[in-house]
Amino acid sequence: MSKTSSKISSVAEHAQRYIDASGGVSAVRSVKSRIYGVGKLAAACTDRSVSAPALPVRIGAEAESAGLVPQIAQVSASEGSHINNMWENLESTESETWSSICDEDLGEVELVMTDSGKIKSVMVRRPSAAQTCVIDWINFSVLEDTWFKTAREQLISDDQIIVEASRQLEKIFGFGITSNRGKGMNFYRDSWVLGDGMGFVCFGGQRSTMLITLTGQGCLNAVAGWEKRLHGFLTRTAIRPTISRIDLAHDDLDGSYLSVDWAEQQWWDGGYSFKKGGRPPEIQEIGNWKRPSGKGRTLAIGQRTSSKYCRFYEKGKKEGDKLSLWCRCEIEFKNTNTIIRPDVLLDPSSFFVGAYPCLAMFATVETPARMEVKARAQHITVDDSIAVTKRQYGKYIRVFRALFGDKETLDLITNEDENAFPKRLKPFLSFADTGPAPVHVEPPPYVPSFFHFINTVPSFGLNGEHGFA
């Protein structure tokens with residue numbers, strides 16, 4: 001008996017014992033009975049809340065050829081075998097094929113299995129009639145051969161690869177790679193800045209892959225339609241693409257229906273558990289909940305190292321307005337134990353409302369447009385910055401005005417660097433077309449004329465007309 005056959009037989013025996021213990025029946029077990037000859041055939045439809053989930057097993061070639069198991073598009077695993085400092089799982093370098101193995105209601109979760117036998121879940125999605133959320137962060141990686149493909153030539157040096165990557169990323173986001181950070185990041189040897197502080201590009205030392213990070217600032221300022229363009233790039237052009245993290249955000253600017261107190265009550269009501277009686281996720285209260293100080297409170301659901309992590313926080317107060325009711329919900333998906341399909345770029349709302357049962361109510365609620373969110377945050381930040389400046393330096397400025405006048409006072413206290421901006425205000429002055437020129441459009445470095453190589457045959461010397469006899 002081959003190694004594969006013995007392994008399938010062993011799994012089938014475990015499945016049989018598990019089914020006998022649970023006493024449950026389902027359509028999935030009927031399929032498994034036809035494939036393996038084990039388990040109970042489904043007789044009548046029973047309540048799934050009382051039946052234990054079937055043990056996932058590897059699907060054989062017979063099931064695939066018979067069309068009994070729906071196939072899922074090939075998804076490649078991310079690189080490495082550790083958790084990096086952005087809480088992403090970096091796995092095997094081998095490309096893996098995924099097959100759906102269970103259509104039973106396992107707490108609203110679809111399980112898939114890799115060729116290596118590792119089980120992962122697929123992001124749950126529900127129909128959404130509105131634009132419920134926006135993408136607030138995304139990390140994805142591609143093989144460096146992707147840039148050979150787009151350049152239609154073999155690239156030799158890292159600089160050539162970065163230039164080609166910058167050219168393609170500008171087509172997608174509206175900005176390319178602008179500068180080298182001079183240090184590594186996320187276990188990569190080198191890192192670069194994307195646009196005017198819109199994200200990062202990491203390359204080198206991770207099995208010929210490149211990691212691209214688009215931060216919240218980048219998602220906010222990228223040219224409209226970047227989600228569709230990125231989806232097309234990942235599905236049709238990129239070689240071995242992997243989305244390792246994506247954040248989805250919903251804002252209630254007036255706090256009319258969303259608050260951290262509502263989110264906490266949902267935890268007590270079981271709003272974050274798909275299966276009744278299941279163990280609820282961890283909950284953590286951050287900030288001054290006993291005596292709110294106006295600095296904002298945060299409610300975290302789940303663990304930061306898990307595949308799904310949710311935050312509710314008072315964003316208006318975090319920005320500096322102590323009276324603001326603006327509340328935001330952010331869900332962070334990572335590929336630790338979950339497959340993140342590129343479809344989330346085209347329809348993020350369905351994955352947002354499917355993340356937890358309590359979020360299904362947002363299926364018909366529109367989230368504010370990105371520019372409206374940016375304008376609201378800008379007004380709050382500018383007003384608070386003025387208040388801070390007045391409180392800390394107002395007395396000095398009043399005396400200086402009396403001594404030197406308005407113009408001379410401003411000349412004395414204004415920073416001489418025209419490109420210097422407060423870190424807090426810089427995001428509101430950055431757009432897709434601001435910042436340094438990307439590396440692929442920078443002019444070539446100046447080379448003095450006396451360094452140019454001679455490109456004509458000399459008319460003197462040993463081989464010229466004035467050569468020696």
- Item | Plane angle bin for Phe173 and Phe175 - parallel if under 30°, tilted between 30 and 60°, otherwise perpendicular |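 Aromatic pair Phe175/Phe173 classed parallel.
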- Message: Check the orientation of Tyr257 and His250. Use parallel for under 30°, tilted for 30 to 60°, and perpendicular for over 60°.
- Response: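 Taking His250 first and then Tyr257, their aromatic rings sit tilted (interplane angle of 30° to 60°).
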- Evaluate the criterion side-chain contact (heavy atoms from CB on, under 4.5 Å) for residue pair Leu214 and Phe140; output intermediate values, then yes/no. CA-CA 9 Å; Leu214 193 67; Phe140 65 94; 5.8 Å; no
Closer than 3.5 angstrom, by distance alone: can the side chain of [X] be matched with the main-chain N or O of [Y] as a donor-acceptor pair?
X      : Y      : value
Ser166 : Ile162 : no
Thr146 : Ile239 : yes
Asp254 : Ser256 : no
Ser121 : Leu111 : no
Lys295 : Gly320 : no
Thr209 : Gln206 : yes
Ser306 : Gln303 : yes
Thr178 : Gly195 : yes
Tyr272 : Ala263 : yes
Asp145 : Phe148 : no

Is it the case that [X] and [Y] place a side-chain donor and acceptor less than 3.5 Å from each other?
X      : Y      : value
Asp196 : Thr434 : yes
Thr150 : Glu164 : yes
Asp251 : Trp326 : yes

Exercise: identify the closest heavy-atom pair between [X] and [Y]:
X      : Y      : value
Trp267 : Pro281 : NE1-O, 2.8 Å
Ile331 : Lys308 : CG2-CG, 4.1 Å
Thr336 : Lys120 : O-CE, 3.8 Å
Glu170 : Pro438 : OE2-CG, 3.9 Å
Ile135 : Cys219 : O-CB, 3.3 Å
Thr338 : Val122 : CG2-C, 4.4 Å

- Test Thr213 against Asn139 for side-chain hydrogen bond (donor to acceptor under 3.5 Å, both in side chains), laying out the working first. CA-CA 5 Å; Thr213 295; Asn139 290 355; 3.1 Å; yes
- Could you walk me through whether Ser191 and Arg181 pass side-chain hydrogen bond (donor to acceptor under 3.5 Å, both in side chains), step by step? CA-CA 6 Å; Ser191 61; Arg181 299 177 68 242; 2.8 Å; yes
State, yes or no, whether a side-chain contact exists between [X] and [Y] at a heavy-atom distance under 4.5 Å.
X      : Y      : answer
Lys374 : Arg370 : no
Tyr313 : Arg297 : no
Phe352 : Leu359 : yes
Val344 : Met123 : yes
Ile301 : Tyr309 : no
Asn335 : Ile243 : no
Ser349 : Leu248 : no
Ile177 : His440 : no

- Query: When you measure from the centre of the six-membered ring of Phe233, is the NZ or CZ of Lys228 under 6.0 Å away and within 45° of the axis?
  - Reply: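 No, Lys228 does not lie over the aromatic ring of Phe233.
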- Decide yes or no on side-chain hydrogen bond (donor to acceptor under 3.5 Å, both in side chains) for Gln265 and Asp269, but give the supporting numbers first. CA-CA 6 Å; Gln265 185 60 44; Asp269 296 340; 3.1 Å; yes
- Item | Derivation of the side-chain contact (heavy atoms from CB on, under 4.5 Å) call for Ile138 and Leu345 | CA-CA 10 Å; Ile138 184 170; Leu345 293 166; 3.6 Å; yes
- Task: Answer with yes or no after comparing the ring centroid distance for Phe203 and Tyr188 against a 6.0 Å cut-off, counting only values under it.
- Result: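 Between Tyr188 and Phe203, which both carry aromatic rings, the centre distance is not below 6.0 Å.
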- Query: So, Trp262 versus Phe362, ring centres under 6.0 angstrom or not?
  - Reply: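 So the answer is yes for these two rings.
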When you look at [atom1] of [X], are more than 12 heavy atoms from neighbouring residues, nucleotides or ligands closer to it than 6.0 Å?
X      : atom1 : answer
Arg189 : CZ    : yes
Phe421 : CZ    : yes
Gln392 : CD    : yes
Tyr393 : OH    : no
Lys149 : NZ    : yes

- Message: Working to the nearest 0.5 angstrom, can you tell me the gap between Asn180 CG and Asp158 CG?
- Response: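 Interatomic distance, Asn180 CG to Asp158 CG, rounded to 0.5 Å: 10.5 Å.
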- Passes side-chain contact (heavy atoms from CB on, under 4.5 Å), Met210 versus Val201? Steps please. CA-CA 7 Å; Met210 177 180 289; Val201 173; 3.7 Å; yes
- Please report the C-alpha distance between Glu366 and Gln131 in whole Å, then the side-chain angles of each, then the deciding distance to 0.1 Å, and finally whether the side-chain hydrogen bond (donor to acceptor under 3.5 Å, both in side chains) criterion is met. CA-CA 5 Å; Glu366 292 279 348; Gln131 184 64 38; over 6 Å; no
- What residues, two or more places apart in sequence or in another chain, satisfy ring-ring contact (aromatic ring centres under 6.0 Å, His included) together with Trp192?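 ring-ring contact (aromatic ring centres under 6.0 Å, His included) check on Trp192 returns nothing, list empty.
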With the threshold set at 4.0 Å, does a side-chain nitrogen-carboxylate oxygen contact exist between [X] and [Y]?
X      : Y      : value
Arg245 : Glu332 : yes
Glu319 : Lys315 : yes
Arg125 : Asp347 : yes

- Message: Is there a side-chain contact (heavy atoms from CB on, under 4.5 Å) between Met185 and Asp190? Walk through the geometry before answering.
- Response: CA-CA 7 Å; Met185 185 178 184; Asp190 299 307; over 6 Å; no
- Derivation and outcome, salt bridge (Lys or Arg N to Asp or Glu O under 4.0 Å), residues Arg328 and Asp252: CA-CA 6 Å; Arg328 165 173 280 203; Asp252 180 9; over 6 Å; no
